[in-house]
A.B. asks: 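Please find one structure pasted underneath; my questions will follow.
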Amino acid sequence: MRTQVVIIGSGPAGLLLGQLLHKSGIDTIILEQKPKDYVLGRIRAGVLEQGTVALIEEAGAGVRMRHEGLVHDGTEIEFGGIRHRIDFKGLTGKSVIIYGQTEVTRDLMDVREACGAPTVYEALDVGIRDIESESPSVRWSADGKKFAIDCDYVVGCDGFHGVSRQTIPANRLRTYERAYPFGWLGILVEKPPVSEELIYVNHERGFALCSMRSRTRSRYYLQCPIEEHAEDWTDGQFWEELTRRLDPQAVSKLQTGPSIEKSLAPLRSFVAEPMRFGRLFLAGDAAHIVPPTGAKGLNLAASDVGILSRALIELYKTNSDAGLDSYSQRALARIWKAERFSWQMTQLLHLVPDASGFDRKLQAAGLEYLFKSTAAQTALAENYVGLPY
Ligand code: RFL
Ligand code: PHB
């Protein structure tokens, strides 16, 4: 078996890359270790930058997103019980679209299936061979049988715990990491959201976020200690704690109900450099992680893929590998800015367990400055809607 590009992982990075390459006549195979329904069952991101939206459209998977996605021109940030609006549209001329990662994944899977491009689900023990040579190959097992495929390039879109980054010798990779001593407990509920826009809440009991997936489906998050487990929280306890952290107007609009999904996500910042080893390229969470506070993870996966797809298309069309050679550097320049923004939003909005009185005063000053300064609001808005590629 032979193909041009082997893509490991069928999350948004792998699926989007597969479609962008397919549109340019480049053959790919996607190897995914989980069953399709498991991939579709993961509830994650909800906020799409315009650059991400444009790439999904370019991939031919934008019809439902345009129809069902909610355009948000701003967001609210609450501190001391008072909400302040950041006007994205007024400050930057741009908006974001609320459309769940699950839906993005489903739409990309549908267009891939429709064009007949191959995806192998439940591909186990994926192994990358001869990646520093001109003829790499990838092996896996499925249904108890072993398979191998030769290729020109391998792209690791297999998330933070995937095999691709681990294939790179430790002395050829530099990693940077920050773990936060808290997580987000998320709940999905079939009830209308409390407000037209998202509300990020800095409360003395901890951070909370009111988000949504549609006009009838809401997504809420609570900051909680990292040691806790989602199963330890009943729906009743979640609603009680959320009610404590929201302002009276939000509480009066809050419609509670049984959770459709409940999960706890740890918060982490991580970057691995460079994002290339021989003919292996890393994209998305395989190379970097941000805490969800800035809504950047999926958007960074998309911008990596935007840069890498153009480089691969250039190579196959013109035989120039200039784009591939500069991929890591170009992607990382954008990634580090998103790392900084996500870290800063996390600092600004969470109750940091070991924060000193000085730290808390600085946090309050940062928020008060934000609410009073158009320059500070513009900086936040410009990062939130997405920096240029
Ligand atoms: P994914 O989505 O993790 O997909 C990787 C895929 O690779 C497969 N895989 C393997 N396949 C074969 N062999 C192996 N050895 C493999 N190992 C793994 C996995 O099964 C999986 O299918 O990575 P990708 O494509 O890079 O996409 C990244 C995004 O999923 C992630 O950054 C976002 O979800 C982060 N994120 C958010 N991002 C945003 O842009 N906006 C948001 O509003 C936002 N909210 C969030 C988030 C992440 C969250 N959690 C759960 C961490 C909210 C939360 C709570
Ligand atoms: C979400 O809706 O899941 C979401 C929205 C905004 C964030 C993070 C997650 O910053």
Side-chain angles (χ1 to χ4, degrees), residues 6-18 30-36 38-49 51-52 70 72 75 96-102 104-105 108-109 119-128 138 140-142 155-167 183-188 193 197-200 207 209-214 217-221 230 261-268 270 282-305 338 341-342 345-346 349 384 386:
V6 173
I7 299 172
I8 307 178
S10 76
L15 287 165
L16 184 59
L17 178 67
I30 297 184
L31 303 176
E32 164 60 50
Q33 79 176 357
K34 300 285 187 197
K36 181 178 174 183
Y38 179 95
V39 176
L40 281 170
R42 287 191 297 233
I43 310 294
R44 288 181 168 181
V47 179
L48 306 182
E49 298 171 359
T52 306
L70 304 174
H72 281 199
T75 193
V96 291
I97 290 195
I98 305 299
Y99 191 66
Q101 179 167 332
T102 317
V104 173
T105 307
L108 285 164
M109 281 177 173
T119 302
V120 180
Y121 292 101
E122 299 180 69
L124 303 176
D125 309 317
V126 169
I128 304 167
V138 179
W140 73 95
S141 57
V155 185
C157 297
D158 48 353
F160 183 66
H161 299 286
V163 67
S164 304
R165 194 180 66 253
Q166 289 164 28
T167 303
W184 280 19
L185 180 65
I187 204 170
L188 189 67
E197 294 178 342
L198 270 56
I199 313 174
Y200 289 83
F207 170 80
L209 172 61
C210 304
S211 182
M212 64 192 75
R213 287 293 175 272
S214 68
R217 191 174 265 206
S218 303
R219 178 80 165 151
Y220 296 99
Y221 293 100
E261 193 262 2
K262 200 190 294 155
S263 54
L264 198 138
L267 267 63
R268 189 199 306 266
F270 174 86
L282 302 179
D285 279 15
H288 44 77
I289 297 284
V290 285
T293 328
K296 287 284 156 263
L298 168 59
N299 291 299
L300 277 184
S303 59
D304 287 356
V305 159
F341 175 65
S342 308
M345 287 281 280
T346 304
L349 294 172
Y384 197 97

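Residue indices begin at 1 and follow the sequence shown. Both counts, for ligands and for their atoms, begin at 1 and track the order of listing.
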A.B. asks: Can you classify the ring geometry of Tyr200 versus Tyr384 as parallel (below 30°), tilted (30 to 60°) or perpendicular (above 60°)?
C.D. replies: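 Perpendicular, since the angle between the ring planes exceeds 60°.
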
A.B. asks: When rounded to the nearest 0.5 angstrom, what distance separates CZ in Arg217 from CE in Met212?
C.D. replies: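 Interatomic distance, Arg217 CZ to Met212 CE, rounded to 0.5 Å: 14.0 Å.
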
A.B. asks: Just how far is it from atom CD of Glu122 to atom NZ of Lys36, taken to the nearest 0.5 Å?
C.D. replies: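 Nearest 0.5 Å value for the CD-NZ distance: 12.5 Å.
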
A.B. asks: What are the atoms of ligand 1, with element, lying closer than 4.0 Å to any heavy atom of Arg42?
C.D. replies: 19 (C), 20 (O), 21 (C), 22 (O)

A.B. asks: Between His161 and ligand 1, which part of the residue brings a heavy atom under 4.0 Å of the ligand: side chain, backbone, both or neither?
C.D. replies: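 Neither part.
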
A.B. asks: List the steps, then state whether side chain to side chain contact (heavy atoms under 4.5 Å, CB included) holds for Asp304 with His288.
C.D. replies: CA-CA 11 Å; Asp304 287 356; His288 44 77; 2.6 Å; yes

A.B. asks: Below 4.5 Å, heavy atoms only, C-beta onward: do Met109 and Val39 meet side chain to side chain?
C.D. replies: yes

A.B. asks: CG of Leu298 to OG1 of Thr105: how many Å apart, nearest 0.5 Å?
C.D. replies: 7.5 Å

A.B. asks: Provide the number and element of each atom of ligand 1 under 4.0 Å from a heavy atom of Leu31.
C.D. replies: 11 (N), 12 (C)

A.B. asks: Asn299 heavy atoms, cut-off 4.0 Å: which ligand 1 atoms fall inside?
C.D. replies: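 In order of number, 40 (O).
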
A.B. asks: Taking only residues two or more places apart in sequence, or in another chain, which ones meet Pro266 in a side chain to side chain contact (heavy atoms under 4.5 Å, CB included)?
C.D. replies: Ile226

A.B. asks: Does the side chain of Val126 come within less than 4.5 Å of Asp158's, by heavy atoms?
C.D. replies: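 With C-beta onward as the side chain, the pair stays apart.
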
A.B. asks: Using a 4.0 Å cut-off to any heavy atom of Thr293, which atoms of ligand 2 qualify?
C.D. replies: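 Under 4.0 Å from Thr293, ligand 2 has these atoms: 10 (O).
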
A.B. asks: Heavy-atom distances under 4.0 Å are what count here, so tell me which part of Tyr220 touches ligand 2: side chain, backbone, both or neither.
C.D. replies: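 No part of Tyr220 comes within reach of ligand 2.
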
A.B. asks: Hey, which atoms in ligand 1 end up nearer than 4.0 Å to a heavy atom of Val163?
C.D. replies: 15 (N)

A.B. asks: Any idea which atoms of ligand 2 are less than 4.0 Å away from a heavy-atom of Leu209?
C.D. replies: 5 (C), 6 (C), 7 (C), 8 (C)

A.B. asks: Regarding atom 23 (O) of ligand 1: of the candidates Gly294, Gly159, Gly183, which has the closest heavy atom?
C.D. replies: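 Comparing heavy atoms across Gly294, Gly159, Gly183, the nearest one to atom 23 (O) of ligand 1 lies in Gly159.
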
A.B. asks: Side chains of Thr293 and Ser342: closer than 4.5 Å at any heavy-atom pair?
C.D. replies: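 Side chain of Thr293 against side chain of Ser342, heavy atoms only: no contact under 4.5 Å found.
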
A.B. asks: Counting each atom of ligand 1 from 1 as listed, which ones have a heavy atom of Gln101 under 4.0 Å away?
C.D. replies: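 So the atoms of ligand 1 that pass are 2 (O), 29 (C), 30 (O), 33 (C), 34 (O).
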
A.B. asks: My understanding is that only residues two or more places apart in sequence, or in another chain, count here; which of them pass side chain to side chain contact (heavy atoms under 4.5 Å, CB included) with Ala13?
C.D. replies: Cys157, Ala301, Val305

A.B. asks: Would you say Tyr200 and ligand 2 have an N/O pair spaced under 3.5 Å apart?
C.D. replies: yes

A.B. asks: Please list, in number order, the atoms of ligand 2 under 4.0 Å from a heavy atom of Leu198.
C.D. replies: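 Near Leu198, the atoms of ligand 2 are 5 (C), 6 (C).
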
A.B. asks: When only distance counts, is Pro292 in polar contact with ligand 1, meaning an N/O pair under 3.5 Å?
C.D. replies: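 Min N/O separation from ligand 1 is not below 3.5 Å for Pro292.
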
A.B. asks: Taking atom 45 (N) of ligand 1 as the point of reference, which of Cys157, Gly9, Ala45 owns the nearest heavy atom?
C.D. replies: Ala45

A.B. asks: Tell me: protein heavy atom nearest atom 24 (P) of ligand 1, and distance?
C.D. replies: Ala13 CB, 4.0 Å

A.B. asks: Which heavy-atom pair separates Phe270 from Arg165 by the least distance, and what is that distance?
C.D. replies: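 Minimum heavy-atom separation between Phe270 and Arg165: CZ-NE, 3.7 Å.
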
A.B. asks: Return yes or no for this condition: an N or O of Arg219 is under 3.5 Å from an N or O of ligand 2.
C.D. replies: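 No; every N/O pair is 3.5 Å or more apart.
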
A.B. asks: For ligand 1, is any non-hydrogen atom under 4.0 Å from Lys34's backbone (N, CA, C, O), its side chain (CB onward), both, or neither?
C.D. replies: side chain

A.B. asks: Within a strict 4.5 Å, meaning less than it, do heavy atoms of the Trp184 and Phe207 side chains meet?
C.D. replies: yes

A.B. asks: Taking non-hydrogen atoms only, is Arg213 closer than 4.0 angstrom to ligand 2 via side chain, backbone, both or neither?
C.D. replies: side chain

A.B. asks: Of the backbone atoms (N, CA, C, O) and the side-chain heavy atoms from C-beta on, which set of Ala295 has a member under 4.0 Å from an atom of ligand 2: side chain, backbone, both, or neither?
C.D. replies: both

A.B. asks: Which residue supplies the protein heavy atom nearest to atom 8 (C) of ligand 2, what is that atom called, and how far is it?
C.D. replies: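 Nearest protein contact, heavy atoms only, for atom 8 (C) of ligand 2 is Pro292 O, 3.3 Å.
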
A.B. asks: Going from CG on Leu108 to CD1 on Ile30, what distance comes out if it is rounded to the nearest 0.5 angstrom?
C.D. replies: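 These two atoms lie 9.0 Å from each other.
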
A.B. asks: How does Ile98 reach ligand 2, by side chain, by backbone, by both or by neither, if only non-hydrogen atoms under 4.0 Å count?
C.D. replies: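 None of Ile98 does.
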
A.B. asks: Give the atoms of ligand 1, by number and element, whose distance to some non-hydrogen atom of Gly46 is under 4.0 Å.
C.D. replies: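 Taking each heavy atom of Gly46 in turn, ligand 1 has 42 (C), 43 (O) under 4.0 Å.
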
A.B. asks: Give the single entry among Tyr221, Trp184, Phe160 that approaches atom 54 (C) of ligand 1 most closely by any heavy atom.
C.D. replies: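 Among Tyr221, Trp184, Phe160, the closest heavy atom to atom 54 (C) of ligand 1 belongs to Tyr221.
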
A.B. asks: So is there a nitrogen or oxygen of Val47 less than 3.5 Å from a nitrogen or oxygen in ligand 2?
C.D. replies: no

A.B. asks: May I ask you to list the atoms of ligand 1 that are less than 4.0 angstrom from any heavy atom of Gly162?
C.D. replies: 17 (N)

A.B. asks: What protein heavy atom is closest to atom 52 (C) of ligand 1, reported as residue, atom name and distance in Å?
C.D. replies: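 It is Ala265 CB, 4.0 Å.
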
A.B. asks: Atom 1 (P) of ligand 1: which of Arg44, Gln33, Glu32 has the nearest heavy atom?
C.D. replies: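 Among Arg44, Gln33, Glu32, the closest heavy atom to atom 1 (P) of ligand 1 belongs to Arg44.
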
A.B. asks: Which ligand 2 atoms are under 4.0 Å away from a heavy-atom of Arg44?
C.D. replies: 3 (O)

A.B. asks: Does Gln101 reach ligand 2, in the sense of a heavy atom lying below 4.0 Å from it?
C.D. replies: no

A.B. asks: So for ligand 1, is Ala295 a polar contact partner (N or O within less than 3.5 Å, distance only)?
C.D. replies: yes

A.B. asks: Heavy-atom contacts with Gly284 under 4.0 Å: which atoms of ligand 1 show up? List them by number with element.
C.D. replies: 26 (O)

A.B. asks: If you measure from CG on Asp285 to CG on Leu300, what distance do you get to the nearest 0.5 Å?
C.D. replies: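 Between atom CG of Asp285 and atom CG of Leu300 there are 9.0 Å.
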
A.B. asks: Identify the closest protein heavy atom to atom 9 (C) of ligand 2: which residue and atom is it, and at what distance?
C.D. replies: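 Protein heavy atom with the smallest distance to atom 9 (C) of ligand 2: Tyr221 CE1, 3.7 Å.
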
A.B. asks: With a 4.5 Å heavy-atom cut-off, do Val47 and Ile98 have their side chains touching?
C.D. replies: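 Contact flag for Val47/Ile98 side chains = yes.
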
A.B. asks: Taking the minimum heavy-atom distance to atom 40 (O) of ligand 1, which of Leu298, Ile30, Ile128 ranks first?
C.D. replies: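 Nearest option to atom 40 (O) of ligand 1, by heavy atoms: Leu298.
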
A.B. asks: Closest by any non-hydrogen atom to atom 27 (O) of ligand 1: pick that one out of Ser164, Gly11, Pro12, Ser342.
C.D. replies: Pro12

A.B. asks: Quick one: look at Ile8 and ligand 1, take heavy-atom pairs under 4.0 Å, and tell me if it's side chain, backbone, both or neither.
C.D. replies: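 The part of Ile8 near ligand 1 is the side chain, not the backbone.
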
A.B. asks: Would you say that Thr75 contacts Val96 through its side chain, given a criterion of any heavy-atom pair below 4.5 Å between the two side chains?
C.D. replies: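 The answer is no, as the side chains (C-beta and beyond) never meet within the 4.5 Å cut-off.
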
A.B. asks: Below 4.5 Å, heavy atoms only, C-beta onward: do Ser303 and Thr52 meet side chain to side chain?
C.D. replies: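 Result no, sub-4.5 Å side-chain heavy-atom pair not found.
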
A.B. asks: Quick one: nearest non-hydrogen protein atom to atom 18 (C) of ligand 1, plus distance?
C.D. replies: Asp158 O, 3.1 Å

A.B. asks: Among Asp285, Leu209, Val104, which residue places a heavy atom closest to atom 32 (O) of ligand 1?
C.D. replies: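 Of the listed residues, Asp285 has the closest heavy atom.
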
A.B. asks: To check your reading of the model: name the closest protein heavy atom to atom 2 (O) of ligand 2, its residue, and the distance in Å.
C.D. replies: Ser211 OG, 2.6 Å

A.B. asks: If you compare all heavy atoms of Ser10 against all heavy atoms of Tyr121, which two are closest, and at what distance to 0.1 Å?
C.D. replies: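 Smallest interatomic distance, heavy atoms only, reads OG-CE2, 3.9 Å.
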
A.B. asks: If you measure from CG on Leu198 to NE2 on His72, what distance do you get to the nearest 0.5 Å?
C.D. replies: 6.5 Å

A.B. asks: Mind checking whether Trp140 and Gln33 have side chains closer than 4.5 Å, heavy atoms only?
C.D. replies: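 They are not in contact (no side-chain heavy atoms under 4.5 Å apart), so the answer is no.
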
